[in-house]
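Have a look at the structure below, then the notes.
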Protein chains: 2
Amino acid sequence: MPGRNGKGPPWWHGKFRGCGYRLTIPRETIIEVLSKAAKHLSAEEIYLAVHKVYPAIGLTTIYRTLELLVQIGLVFKFDFGDGRARYELAEGPKGIRQHHHLVCTNCGRVIDYTDFIDEAKEFLSQTMKALNKKCNFKITNHLIQFYGLCEKCQK
Amino acid sequence: MPGRNGKGPPWWHGKFRGCGYRLTIPRETIIEVLSKAAKHLSAEEIYLAVHKVYPAIGLTTIYRTLELLVQIGLVFKFDFGDGRARYELAEGPKGIRQHHHLVCTNCGRVIDYTDFIDEAKEFLSQTMKALNKKCNFKITNHLIQFYGLCEKCQK
DNA sequence: ACTGGGAATGAAAACCATTACCATTAGGAG
DNA sequence: CTCCTAATGGTAATGGTTTTCATTCCCAGT
């Protein structure tokens with residue numbers, strides 16, 4: 001059963017090969033870091049994590065690889081308003097990992113939430129269908145974020 | 001009837017005074033530019049537009065004022081992924097102007113759409129209520145964007 | 001396995017939107 | 001009208017991201 005923690009090529013190798021991209025240590029390591037973190041990381045955080053296990057890595061490669069992964073659709077890129085982008089694995093062996101973000105406008109904390117996804121899915125699928133027809137716009141992705149005050153900052 | 005195109009102080013003066021901020025020519029001009037454009041502008045675009053009617057303006061003041069307006073809630077700040085922020089008047093005399101954005105991931109074009117807002121409102125109000133209770137997170141704002149390919153870029 | 005060619009890499013420098021600094025200007029309460 | 005202080009604007013600095021280019025190494029074809 002490839003893709004588990006056992007042997008066999010990781011589940012995403014096919015996606016790389018299919019696009020004609022080479023499999024390299026930096027790329028493997030970056031994906032591994034992202035999949036282990038399982039939450040949004042900045043480019044620098046990814047750099048530091050990769051650097052621990054592969055010290056020869058360069059920051060340039062981090063950015064280039066992330067851009068590539070975003071293009072492939074393997075990674076989502078977010079902007080929480082603090083001047084640096086955050087990256088996050090879009091899917092795992094099980095498929096797309098749906099969730100949205102709550103951003104505290106006071107302290108900058110970001111909370112993931114996965115509840116209410118069903119309602120969101122319903123709303124989104126309707127909207128996407130309608131937009132495809134009305135605007136001739138082929139939607140491939142979407143972003144929903146909420147801004148407000150977290151528990152601590154409300155006092 | 002203040003706030004119309006006729007005489008009387010613009011409708012947003014109260015909002016300024018209430019917060020203890022001074023009314024200055026740069027601030028008035030920036031808001032005027034935003035209200036006339038009625039669509040998302042970058043800081044530089046705003047700078048150029050203000051510069052035409054008030055050449056003494058400095059780019060620093062543009063940024064500072066925009067930050068202030070965002071804080072007050074008069075202006076929304078967007079990131080469409082091209083490395084520069086976009087700003088847009090949040091409301092007019094008639095109230096909040098609800099709309100979302102379609103961003104073409106190929107050419108960068110951004111399309112506003114105002115349809116399906118009712119469905120969005122329904123979904124959003126439910127989600128906000130639930131989040132307030134479950135996460136103790138006081139939502140004040142939200143962002144919904146769709147990414148995909150515009151008509152031209154689908155070919 | 002070996003090898004050639006082109007993709008991928010990494011260090012350093014460039015880029016560029018945004019912010020900090022600070023001396024000067026001007027809003028508006030009294 | 002005056003004074004105090006917020007607001008301004010030119011310039012320099014910041015810092016995340018991108019570009020450049022010489023070097024490395026993946027891998028398809030032998």
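Each chain gets a letter, A, B and so on, in the order its sequence line appears, and its residues count up from 1. Both backbone and side-chain heavy atoms feed into the values below; hydrogens, waters and symmetry mates do not.
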- B:Glu32 side-chain N/O to B:Arg27 backbone N/O, donor-acceptor pair under 3.5 Å: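 No, the answer is negative, given that no donor and acceptor are paired below the 3.5 Å cut-off.
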
- Query: Do B:His101 and B:Phe78 have ring centroids that are under 6.0 Å from one another?
  - Reply: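 They qualify: ring centres under 6.0 Å apart.
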
- Query: B:Tyr147 and A:His142: aromatic ring centres closer than 6.0 Å?
  - Reply: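 No.
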
- Query: Starting at the 5' end of DNA chain C and moving along, which residue's nearest nucleotide shows up first, A:Gly20 or B:Tyr54?
  - Reply: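 The residue closer to the strand's 5' end, by nearest nucleotide, is A:Gly20.
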
- Message: On DNA chain C, does the nearest nucleotide to B:Arg86 precede the nearest nucleotide to B:Arg64 from the 5' side, or the other way round? Give the residue.
- Response: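 Its nearest nucleotide lies further toward 5', so the answer is B:Arg86.
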
- Are any of the side-chain heavy atoms of A:Ile62 and A:Ile57 separated by less than 4.5 Å?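 Yes, close enough: below the 4.5 Å cut-off.
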
Contact under 4.0 Å: [X] side-chain N or O vs [N] OP1/OP2:
X: A:Arg22; N: C:dA8; result: no
X: A:Tyr63; N: D:dT18; result: no
X: B:Thr60; N: D:dT11; result: no
X: B:Thr61; N: D:dG9; result: yes

Whole Å only: how far is the [atom1] atom of [X] from the [atom2] atom of [N]?
X: B:Leu59; N: C:dA20; atom1: CG; atom2: C1'; answer: 14 Å
X: A:Tyr21; N: C:dG6; atom1: OH; atom2: C1'; answer: 15 Å
X: A:Leu68; N: C:dT9; atom1: CG; atom2: P; answer: 9 Å
X: B:Glu67; N: D:dT8; atom1: CD; atom2: P; answer: 12 Å
X: A:Tyr47; N: D:dG15; atom1: OH; atom2: C1'; answer: 16 Å
X: B:Leu66; N: D:dT8; atom1: CG; atom2: P; answer: 11 Å
X: A:Phe80; N: D:dG16; atom1: CZ; atom2: C1'; answer: 17 Å
X: B:Ile62; N: D:dT11; atom1: CD1; atom2: P; answer: 17 Å

- So does B:Arg27 reach the base of C:dG27 with its side chain, donor to acceptor, closer than 3.5 Å?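 When only heavy-atom distances are counted, B:Arg27 does not reach the base of C:dG27 through any donor-acceptor pair under 3.5 Å.
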
- Item | Nearest-nucleotide comparison on DNA chain D, the residue closer to the 5′ end among B:Pro26 and A:Arg17 |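 The residue closer to the strand's 5' end, by nearest nucleotide, is B:Pro26.
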
- Item | Same apolar cluster (I L V M F W Y, side chains within < 4.5 Å links), A:Leu149/B:Phe137 |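 No, no single cluster joins them.
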
